[in-house]
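The structure appears below as structure tokens.
We count ligands from 1, going down the list as the structure has it; atoms in each ligand are counted the same way. A quick note: this is a predicted structure, and the numbers were derived from the prediction, not measured.
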Amino acid sequence: MRIDIVTIFPAMIEHALRAGIVGRAIERGTLEIAARDLREFTTDRHRVVDDVPYGGGPGMVLKPEPLFRAIDAIERERGSRSHVVLTSPQGTPLTQNVGERLSRLPHLLVLCGRYEGVDERVRARVDEEISIGDYVLSGGELAALVIADVVARFIPGVVGDDQSVAADSFSRGLLDFPHYTRPSEIVGLDADELLKVPEVLLSGNHAEIRRWRKRESLTRTLARRPDLLNDASLDEEEQEILRELVAKPRRK
Ligand code: ADE
């Protein structure tokens, strides 16, 4: 899969993409992500990408023509239509499901908006607007990086162990269970307090461990994000645990 990100800050995208799991996947060629400088698609001497809003008011608005030219040029390069996403706080909320859907496309073209605005006529060429949350960023670059990261994780071979993406509790609509590593005991802030790893995780009993993790995931989801349970896909065991928890709740 290839993702083109059209931005006025290509360096911001490039730097961020060098690190971590996604950076390694790009190096290996498992996926391609290119930052495209919007100014390259201007035709004037000063490479102007924004202008004052008609009707007055503060801030600058991204001009339509450079964005249209960017879309045209990238589609011409690819020889096919691209799925065009505009980052915007007015967009559809990004979820794990949206990420999965986008990961099945051969090509994604992400236009980074500016908070002050993007000329409305650009929306004629946009397939969908995506928001990464109910808050305001100064530009779409961080949103584009978040979208690229979420999408990349669904591409086979990006995350080392394919299973871990499918098993991500969030992929199934639940919050994650707690994780621990060695040592099994550490001294707490209070010197006489020992912070211990739950006994069950040291037991080697895999059935018990699986059940404990399910219970912890469900307990957390119920306490912190009960809204997620409406769309979660729970197996029989999880449904049974949830019934117990609802009957006898505990905070987590
Ligand atoms: N641009 C500004 N804020 C944004 C947000 N929350 N999501 C996506 N793009 C944005």
Side-chain angles (χ1 to χ4, degrees), residues 1-17 19-22 31 33-42 48-71 74 82-105 107-155 168 170-171 173 175 224-225 227-228 231:
M1 180 196 201
R2 179 177 165 109
I3 306 177
D4 282 273
I5 301 176
V6 177
T7 167
I8 54 171
F9 299 121
M12 184 172 170
I13 302 288
E14 281 157 6
H15 281 286
L17 289 175
I21 286 183
V22 176
L31 101 137
I33 306 184
R36 312 294 297 255
D37 188 348
L38 182 61
R39 288 184 203 283
E40 303 273 311
F41 303 100
T42 54
V48 175
V49 291
D50 56 5
D51 206 339
V52 294
Y54 273 121
M60 299 289 273
V61 175
L62 280 186
K63 288 164 72 63
E65 307 98 306
L67 286 163
F68 284 141
R69 269 189 228 108
I71 298 170
I74 293 167
S82 302
H83 188 81
V84 181
V85 167
L86 173 67
T87 62
S88 145
Q90 286 102 51
T92 314
L94 178 65
T95 60
Q96 197 74 348
N97 284 340
V98 170
E100 212 254 292
R101 170 169 61 76
L102 297 178
S103 77
R104 287 193 241 113
L105 297 165
H107 182 236
L108 197 58
L109 203 176
V110 182
L111 307 176
C112 297
R114 300 304 306 159
Y115 174 62
E116 297 86 348
V118 176
D119 188 290
E120 188 66 22
R121 290 165 290 184
V122 169
R123 291 185 165 82
R125 298 287 301 273
V126 166
D127 293 296
E128 59 184 318
E129 285 178 58
I130 294 183
S131 163
I132 64 158
D134 292 336
Y135 39 77
V136 174
L137 303 165
S138 31
E141 285 71 20
L142 290 171
L145 286 167
V146 170
I147 294 168
D149 195 282
V150 173
V151 168
R153 294 177 57 78
F154 282 104
I155 295 169
D168 266 349
F170 235 111
S171 284
L175 299 186
R224 300 183 190 183
R225 291 291 307 279
D227 56 298
L228 292 178
D231 296 320

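Atom 3 (N) of ligand 1 has its closest protein heavy atom at Leu137 N, 3.1 Å. Ranking the protein heavy atoms by distance from atom 1 (N) of ligand 1 puts Pro89 CD, 3.6 Å first. Nearest non-hydrogen protein atom to atom 9 (N) of ligand 1 is Ser88 N, 3.2 Å.
One N or O on the side chain of Ser131 and one on the backbone of Gly133 form a donor-acceptor pair closer than 3.5 Å.
Residue contacts with ligand 1 include Gly133, since one or more of its heavy atoms lies under 4.0 Å from the ligand. Under the 4.0 angstrom criterion for non-hydrogen atoms, Leu94 is not in contact with ligand 1.
No part of Ser138 comes within 4.0 Å of ligand 1, judged by heavy-atom distances.
For Arg121, the CZ atom is loosely surrounded, since the number of other residues' heavy atoms within 6.0 Å does not exceed 12. Counting non-hydrogen atoms of other residues, nucleotides and ligands closer than 6.0 Å to CG of Asp134 gives a total of 12 or fewer.
Here's the thing with Ile132: one of its N/O atoms is less than 3.5 angstrom from an N/O atom of ligand 1. When only interatomic distances are considered, the shortest N/O to N/O separation between Ile130 and ligand 1 does not fall below 3.5 Å.
Note that the CG atom of Leu86 and the CG atom of Asp127 stand 11.0 Å from one another [nearest 0.5 Å].
Note on Arg104 versus Glu100: salt bridge recorded, some NZ/NE/NH1/NH2 to OD/OE distance being below 4.0 Å. In this structure, Glu40 does not pair ionically with Arg69, as no charged nitrogen and carboxylate oxygen lie closer than 4.0 Å. Salt bridge present: Arg114 and Glu141 bring a charged side-chain N and a carboxylate O closer than 4.0 Å.
Nearest residue to atom 8 (C) of ligand 1 from Cys112, Ala144, Ala143 is Ala143 (criterion: closest heavy atom).
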